[in-house]
Amino acid sequence: MQQDYLEISGLTVSFDGFVAVDGVDLSVLPGDLRFLIGPNGAGKTTLIDAVSGLVPAAGSVRYGGHELTGRKVHRIARLGVGRTFQTATVFEELTVLQNLDIAAGHRRGPLALARRRRGIPEEVERAMETVGLTELVDAPAGVLAHGQKQWLEIGMLLVQDARLLMLDEPVAGMSAEEKDETGRLLQRIGADRTVVVVEHDMDFMRSFASSVTVLHAGKVLAEGSVGEVQADPRVQEVYLGPGHHSRAEVETVLGEVS
Amino acid sequence: MNKRWAVPAAFAVAAVLLFAVAPLALSPFRLDQLGRYLCFAIVAVGIGLAWGRGGMLTLGQGVFFGMGAYLMAMHLKLADAGPGGTPDFMALISSDGVPWWWEPFRSEIVTLLAILLLPAAVAAVLGLATFRRRVRGAYFAILSQALAAAFAILLIGNPTGTGGSTGLSGFRGFFGFALSDPANRLVLFFTVAGVLLLVLALVRQLMVSRFGELLVACRDAEERVRFLGYDPANVKTVAFVVAAFMAGIAGALFVPIVGIVSPNDVGIVPSIGMLIGVAIGGRTTLFGPVLGAIAVAWAGSALSEQFPSGWTYAQGLLFMLVIAFLPGGLASLAWRRRARAAGPASVSAPLPAPSGGN
Ligand SMILES: Nc1ncnc2c1ncn2[C@@H]1O[C@H](COP(=O)(O)OP(=O)(O)OP(=O)(O)O)[C@@H](O)[C@H]1O
Ligand SMILES: [Mg+2]
């Protein structure tokens, strides 16, 4: 398990000269529920894109003893790296069961693929229970509510047996109860996995993060516990503007300070 | 439970129609015509898989159809000429004898294997090369069109090897059986009908298998599939290869039935023609492409007997109308009716595929 941590060093992504991620160093251990926050355009999504192989990057990303940079998306996925997207992306015409079954299947051989599925695979059953979609097993994913799609995506990561999960704004647009449920879900699945959550929702972060990294203009601005990050003057400056800020001001933007 | 029996029942009806009703009801001439339509239906089944389920707008199936057809035609010409003999058309044009690359096709086994394997192998190479480079949508369609055009030009430019623009014709025998004998022609028709049912069964199995679900996933969200650890290029290539395999077999059967194959059967226009029936019938369904292809081929012969040039325009117009107003083809009318009957709360009605070539 010691191998299963994520270690990013000097990661740089540029788009035609514009540097979206600028020399980021970041390590996340299994069991950690790491939140990645930062203002719009900070480079959070681009960082996840780089780790998952979607955009080419300079520097190094190591996970489970493998260097990830330069590998193809599906090869990185096979190393146990899974991600979700800022706008939930599921196979809308396929059912919840079919979506999960596909996510479970990249190891299947040609013969297994050529056959019809009989019954529900055990890991799919378990994932449906974990994310609470058992009732909707035969519903086309396209008719699911927004929050349910996010849960389906998390379920897909579970059956995919991803050990490193990167979630891009999983609770955006969810109701308060849905957020709570998602948070508890993330804590449960994060107990033995490496989980990175990109979020703008500060209350959600405060409730569920075990550690936080703040990204700004492509660079790591601060890192630590929720309290440390909230108290960091540089973080306050980025979120609230320059100068000293009262506790009340900080609490409105960065969430209640404990 | 009627859903569970719908497909086996449709297969049974098709078998009765093809093996009992058609031979009794149709004159030998009409039966030959139907046999030709069934060849296009076999191509259509493959296109339904690649385009309807896989999202690949295969506008160049004439290439694979033509490969199967020319392989068969070469063998039939060699067989007619007898052991060591030179086919009649070759002897007329040149005195060089049979080109070296014709020689292997004197053998029945080699010919049959080549028909089964060569179009599929070419499709595998092409598919991997294009899909790995993420060529898709309109670019893939244009590429396949260009291929069909190039193939036709290659055939025309090589008259000693392929009969040039007149193609290969005048076949007398088919694996030892005289093609002039009506009984043999009936067997030929049954062969085509049987092959059609077989390829339908194969595609049916692929559609309901896990592969079929994965293929739809690749069609609708190719990028997403990568993050689940699959290479969509491989998935799409398999569907493309299956479609090419079927087109090759159809081409091979077309030759003894029609008695001629020429570049006019493999170029851009016939390649598009192979797709139109699929679009009209409903590309995402199992039987839609078959019915559409037969209907279009039938209308084609019926109309072109009266208005030789009008049919090409009518065909194009029909294609545009279907794509614009009924993207799911005629089959989507049936879904709509069923969905309406089930009421708005129904979520299980299959949704017609939205995008064309993506
Ligand atoms: N493909 C691209 N080409 C050019 N610029 C890009 C591309 N993708 C992202 N960017 C730029 O990189 C910067 C970082 O974008 P990114 O999406 O990573 O931000 P983010 O932190 O996820 O923001 P948000 O919170 O709004 O999602 C932005 O300025 C964005 O415009
Ligand atoms: Mg983002």
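Bear in mind the structure is a predicted one, so any value in this text is a computation, not a measurement. Only heavy atoms go into these numbers, but all of them, side chains included; no hydrogens, no water, no symmetry mates. Letters go in sequence order (proteins before strands), and every chain restarts at 1.
- Atom CZ of B:Phe227 sits about 10.5 Å away from atom CD of A:Gln160, to the nearest 0.5 Å.
- B:Arg224 forms no cation-pi arrangement with A:Phe85, by the criterion of a distance under 6.0 Å to the ring centre and an angle within 45° of the ring axis.
- A donor-acceptor pair under 3.5 Å links the side-chain atoms of A:Arg78 to the main chain of B:Gly229, judged by distance alone.
- Put simply, the side chain of A:Glu93 never gets that close to the backbone of B:Val216: no donor and acceptor are under 3.5 Å apart.
- With a threshold of 4.5 angstrom between heavy atoms, B:Val225 approaches chain A through its backbone and through its side chain.
- With rounding to the nearest 0.5 Å, the separation of CG in B:Asp220 from CD in A:Glu92 is 8.5 Å.
- Only the backbone of A:Ala112 comes within contact range of chain B, judged by heavy atoms closer than 4.5 Å.
- Contact of B:Leu206 with chain A is not made at all, since no heavy-atom distance falls under 4.5 Å.
- Interface residue A:Gln98: backbone and side-chain heavy atoms are both found under 4.5 Å from chain B.
- Both the backbone and the side chain of A:Ala103 come within less than 4.5 Å of a heavy atom of chain B.
- Put simply, CD on B:Glu213 and CZ on A:Arg117 are 4.0 Å apart, with the number rounded to the nearest 0.5 Å.
- A distance of 11.0 Å separates CG of A:Leu113 from CG of B:Asn234, quoted to the nearest 0.5 Å.
- For A:Arg107, no part sits under 4.5 Å from any heavy atom of chain B, backbone or side chain.
- Formation of a donor-acceptor pair under 3.5 Å by the B:Tyr230 side chain with backbone atoms of A:Ile102 is found in this model.
- No side-chain donor-acceptor contact under 3.5 Å links A:Arg116 to the backbone of B:Ser209.
- Of the inter-residue distances, the one linking B:Asp231 atom CG with A:Lys72 atom NZ reads 6.5 Å to the nearest 0.5 angstrom.
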